[in-house]
Amino acid sequence: MKDKKVEYNPNKIEAHWQKVWEKEKTFSPDLKAAKKPFYNLMMFPYPSAEGLHVGNMYAFTGADIYGRYKRMQGNDVFEPIGLDGFGIHSENYALRVGRHPREQAEISEKNFYRQLRATGNAYDWTRTLETYDPDYYRWTQWIFVQMFKKGLAYRKKAQVNWCPSCKTVLADEQVIEGKCERCSSIVEKKDLEQWFFAITKYADRLLLGLDKIDWPEKIKIAQRLWIGKSEGARIEFVIASGAKQSQKETASSPSASRSDTIEVFTTRPDTLFGATFMVLSPEYPIVSSIKDKKVQDYVRAAKKRTERERIEEGKEKTGVFSGLYAINPVNHEKIPVWIAEYVLMAYGTGAIMAVPAHDQRDFEFAKKYGLPIKKVIVEPRFAGVIERHPEGVINVDEGVNGVNEAYEGEGVIINSSEWNGLKVPEEISKVVDWLQDTGIGKREAHYHLRDWLISRQRYWGPPIPMIFCSTCEKNGIGEHEDTPGWYSVTEDQLPVLLPDVEDWKPKGEGTSPLANHPEFHETKCPSCGSKARRETDVSDTFLDSAWYFFRYISTDDKTCIWDPERARKWLPVNMYIGGAEHSVLHLLYVRFITMAFKDWGLISHFEEPFPRFFAHGLLIKERAKMSKSRGNVVVPDEYIAKYGADALRLYLMFLGPFDHGGDFRDTGIEGMYRFVKRVWRLVTQGLSSKDQLSSINNQELERVMNRAIKEVSGDIENLRYNTAIAHIMEYVNALIDFHTKYKILDTKYCKSLLLLLAPFAPHMTEELWQRLAVSGLRIEETNQTKRQLPTAKSIHFEPWPQYDEKYLVEKEATIVIQVNGKRRGEIRIQSSESRIQSLVEGKARKEVEKYVEGKDVKNVIYIPGKIINFVV
RNA sequence: GCUCGGGUGGCGGAAUGGUAGACGCGCUGGCUUCAGAAGCCAGUGUUCGCAAGAAUAUGGGAGUUCGACUCUCCCCCCGAGCACCA
């Protein structure tokens, strides 16, 4: 080439376009005027000062590509970014580096935003938000106040998860395998009074809503299991009179309203006749009133162990007889009441009816302590036998003695008077109806989901906007009748500012550092005016991130939580992309908060915040998750400096399917950098005018282009970026071959190539697009030192290329010939002829004569245009 | 223990009933160069063979089918989530 070569210089190009896009507000849609709003959102990042690593970049780039594709399809795409920098994650980082969280937040913010800019994502930089900004957390606090006003926020003394290292309580969702979600310390149980959000009131809606949303099945299943609905019945057992314990009424608990009965929850009311004993959890209220020394020793030993120890001690069940008896309400048998660890206070009523014949745990317990086992369900194949025994009593001991497991499968009820012959599980419902009619029990569902423990004994978070007045408490007055002494902070007093204090580190005494600051917590009661105290705990980080996408649409308006008109236009979020690790944390909380907003009338046209969610895979390094402690965190900066963000974006997306993640090894980046340079060279050197082309038959090229458009479009729509890039590469290879052969190339092929590549490599495609617009044909070195603002419309607003089916058909078809399913040859044939089977068969037959010769052709299978198989 | 993903060349992966290994990395040989880089050309699952060619091959085993990486059943291995939930 004689032309002056135009060198590819990614650093220069990328910095230039990033500046231009931000200055021109290229990716800041007019939220009011937009005609085709498309809210493209990536999961909220929390910034640490190590900053953004390639794992984050992997996720964000994948989300950005989708947004850019939607923009080129004519949508007004809104792609905001912000920082979830309030809360325990950020505070723990500040602790580690020994800097005040506020100071650290400033450093992290600057660094994180710088890195995010360098990745070239199409963020709307005019609408960033940070959760630690008082203009933001004012509304987080406002949400808390609304929760309190609607009775969804309440205080309760309960056994809660306590992380001894983070020195705070945690929600159930934040305990992973008995360990702290943040620091992996073993979580302890503590009896503390805390604030909760009543997410369980939404359990059924959270469950039902899953059927209506387009989320990965995996995530939906995880949420279903977490919500964990089990349907059954609550059944009351009366304690047999004659038990001489003095039963003092203990602290009122919903599960033990009366001390002379024991209520149980069971999913198998059909086995009630088989209940031969009962088991109470060691924490069950009446247990403490049993004076027996053996009982109290057992209970004390059990309580001393952590939950984790109890589980780790394995399947070996231990227990002690309480001395009490209860009456089985259906057959009036007197059955013993035991106390055992394997029954958990936290689930159901903390007491169970034990049916050893049909529950493996009860079975093991019964075997160990020699308790009776009564079979009340038989396998379906015995159904006929039961009909011949009107009493429904057959082989009571069959399958029990000498067998070492309970029968938990489906079957038919026996030994249960009028229930005999009912099929289970199909007819359990009839049993429950019967129990309801006779007043023995009532239909009930229980959930694994617990209320969301929202308070944290930490500094770096939004102070919970509540005030406690002991005077009012004494008088039994409060904002609600049932919350004496407690008042929410009035709206005009929000935000309750987090004060700058020196002793911000967690103390571990069950209170927040703010408890040491009277200047913060001393206040006046909003009702009676006497001395009162502010709540000093802060709220959970997950509350900050549970509503951020509402705020993005109105960051310019400080007078309301969001502009309702914009909400109607922009919400719900069209596409949400993030990690699967939040399936039962963030993604559940967000759905709950959104449903609450709907009930409060803040929104009306939706209650699922994310109708479409895509879970990307995890980018790992050397087969392990990137983490500071492993020392395998890869930062994108040096790669961007060396190869440019465009090459790195392409490399990351080419690694494998976006929902699978991948292992980051930098060997492949070189190859991708070469690819980017090849494209650059092709477009800068290879263009000629149309007239020169008239003599060359470029039908094949036309087909390749249309095919590329079709494949790339479909792949991006399904977020299959790796194959999209592969198809772009095939297209590039075809263009280079053509150019090598004829030395010319029609500009339109280069243009379509740039358009297809634009979402992946936004900077270099913009640069080439703009140069093409200026020069029309041949790109030469322009005066780079005096760059002007773009003269043409940004490539990122150009319409996405369309393909035409008619160019996709090949003139010649290759038909593979098989004999008995084995490939034996192939023929090429005019596409028009491929429809005529006899013709194809004849030609194919000749081709594979040596394999068919002298044999009977029993069958010929022909798939037009693809394959022909002779069966001999 | 239960639930959900996976298992394909030296590597990442493609192909969801019709030519297994697209696309890329790596590697081998060649061209170009003073040299390097970059670039270009050819090759690259395994076994036998100088070659033509043949056999064989998608964790293992069985099955359905004219035809199976793809569907069904059993087993092995890896990863993720939940876990004494009554």
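FYI, side chains are in, hydrogens and waters are out, and symmetry mates aren't considered; it's all heavy atoms of this structure. Per chain, numbering begins at 1; letters A, B, ... match sequence-line order.
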inquiry  = Using atom C1' in both nucleotides, what's the gap between B/G13 and B/C25 to the nearest angstrom?
reply    = 11 Å
request  = Find the distance A/Phe675:CZ to B/G24:C1' and express it as a whole number of Å.
outcome  = 10 Å
ask   = Choosing from B/U19, B/A22, B/G24, which nucleotide comes nearest the side chain of A/Thr814?
value = B/U19
message = Over all strands shown, is A/Leu655 touching base, sugar-phosphate only, or nothing at heavy-atom distances under 4.0 angstrom?
response = sugar-phosphate
task = If B/U33 has a Watson-Crick or G-U wobble mate with both distances under 3.5 Å, name it; if not, just say none.
result = none
query = Under the criterion side chain to side chain contact (heavy atoms under 4.5 Å, CB included), which of A/Leu280, A/Val320, A/Val337 is the partner of A/Val287?
reply = A/Leu280
Can you pull every protein N or O that's under 3.5 Å from an N or O on nucleotides 25-31 of chain B?
unit_1	atom_1	unit_2	atom_2	d
B/C25	OP1	A/Arg674	NH2	3.2
B/G26	OP2	A/Arg674	NH2	3.1

key: A/Arg268 with A/Asp359: basic N within carboxylate O range, under 4.0 Å   = no
query = So which one's nearest nucleotide on RNA chain B is more toward 5', A/Pro657 or A/Gln818?
reply = A/Pro657
inquiry  = Base, sugar-phosphate or nothing for A/Lys822? Non-hydrogen atoms, less than 4.0 Å.
reply    = sugar-phosphate
5' precedence on RNA chain B between A/Tyr447 and A/Gly821 (nearest-nucleotide basis) = A/Gly821
query = What nucleic acid atoms does A/Val871 come within less than 4.0 Å of, heavy atoms only: base, sugar-phosphate, or nothing?
reply = sugar-phosphate
ask   = Rounded to the nearest Å, what distance is computed from the CH2 atom of residue A/Trp226 to the C1' atom of nucleotide B/U3?
value = 15 Å
inquiry  = Can you tell me how the ring of A/Tyr721 sits relative to the ring of A/Phe658, calling it parallel under 30°, perpendicular over 60° and tilted otherwise?
reply    = tilted
ask   = Of the candidate nucleotides B/G12, B/G18, B/A86, which contains the atom at the shortest distance from the side chain of A/Ile863?
value = B/G18
ask   = Looking at B/G18, B/A20, B/G24, which one has an atom nearest to any side-chain atom of A/Arg823?
value = B/A20
request  = Output yes when at least one side-chain N/O atom of A/Asn733 is less than 4.0 Å from OP1 or OP2 of B/G24, else no.
outcome  = yes
query = Roughly, in whole Å, what's the span from OH in A/Tyr8 to P in B/A38?
reply = 17 Å
note = Whole-Å distance, A/Leu344 CG to B/A83 P, equals 11 Å
Atom-to-atom span, CG of A/Asp359 to C1' of B/A86 - whole angstrom = 6 Å
key: Nearest-Å distance once atom P is located in both B/A14 and B/G24   = 15 Å
ask   = Considering Watson-Crick and G-U wobble pairs with both distances under 3.5 Å, what does B/C82 pair with?
value = B/G1
Check ion pair A/Lys220-A/Asp214 (N to O, under 4.0 angstrom) = no
note = Ranking B/U19, B/C84, B/A22 by distance to the side chain of A/Glu341, first place goes to B/C84
message = Is the shortest side-chain heavy-atom distance between A/Thr276 and A/Ile373 below 4.5 Å?
response = no
Residue matched to B/U72 through Watson-Crick or wobble contacts both under 3.5 angstrom = B/A62
message = So does A/Val860 get a backbone contact from the side chain of A/Asn869, meaning a donor-acceptor N/O pair under 3.5 Å?
response = no
task = Between B/G39, B/A86, B/G18, spot the one nearest the side chain of A/Arg361, thanks.
result = B/A86
message = Below 30° counts as parallel, above 60° as perpendicular, anything between as tilted: where do the rings of A/Tyr673 and A/Tyr643 land?
response = perpendicular
query = Of the candidate nucleotides B/A86, B/C23, B/G18, which contains the atom at the shortest distance from the side chain of A/Ile352?
reply = B/A86
ask   = B/A80 C1' sits how many Å from A/His660 NE2, rounded?
value = 13 Å
query = When rounded to the nearest Å, what value does the distance between C1' atoms of B/G9 and B/A20 take?
reply = 11 Å
task = Say whether A/Thr814 and A/Arg828, considering side chains only, have a donor N or O and an acceptor N or O under 3.5 Å apart.
result = yes
ask   = Is any side-chain nitrogen or oxygen of A/Arg824 closer than 4.0 Å to OP1 or OP2 of B/A55?
value = yes
request  = Report the glycosidic orientation of B/G9: syn if within 90° of 0, anti in every other case.
outcome  = syn
inquiry  = What's the gap between B/G18 and B/U65 when it is taken at their C1' atoms, as a whole Å value?
reply    = 12 Å
note = Under a 4.0 Å heavy-atom cutoff, the residues of residues 711-723 of chain A touching RNA chain B are A/Arg720, A/Asn722, A/Thr723
task = Verify ring pair (Phe, Tyr, Trp, His ring centres under 6.0 Å) between A/Trp452 and A/Phe542, making sure each step is shown before the conclusion.
result = CA-CA 10 Å; A/Trp452 178 7; A/Phe542 282 94; 7.7 Å; no
task = Can you tell me the pairing partner of B/A55 across any strand shown, Watson-Crick or G-U wobble, with both distances under 3.5 angstrom?
result = B/U46
task = Given ring pair (Phe, Tyr, Trp, His ring centres under 6.0 Å), test A/Phe363 with A/Tyr407 step by step and report yes or no.
result = CA-CA 10 Å; A/Phe363 181 88; A/Tyr407 180 69; over 10 Å; no
ask   = Using 30° and 60° as the class limits, which term best fits the ring planes of A/Tyr58 and A/His616: parallel, tilted or perpendicular?
value = perpendicular
ask   = In whole Å, what is the span from the CD atom of A/Glu173 to the P atom of B/A83?
value = 10 Å
Protein-nucleotide distance (A/Glu283, atom CD; B/A86, atom P), rounded to Å = 18 Å
ask   = What about A/Lys317: does its side chain form a donor-acceptor pair under 3.5 Å with the base of B/C84?
value = yes
request  = State which of B/C85, B/U56, B/C11 makes the closest approach to the side chain of A/Tyr347.
outcome  = B/C85
request  = Tell me, with the steps shown, if A/Tyr639 and A/Phe664 meet ring pair (Phe, Tyr, Trp, His ring centres under 6.0 Å).
outcome  = CA-CA 12 Å; A/Tyr639 293 102; A/Phe664 184 90; 5.4 Å; yes
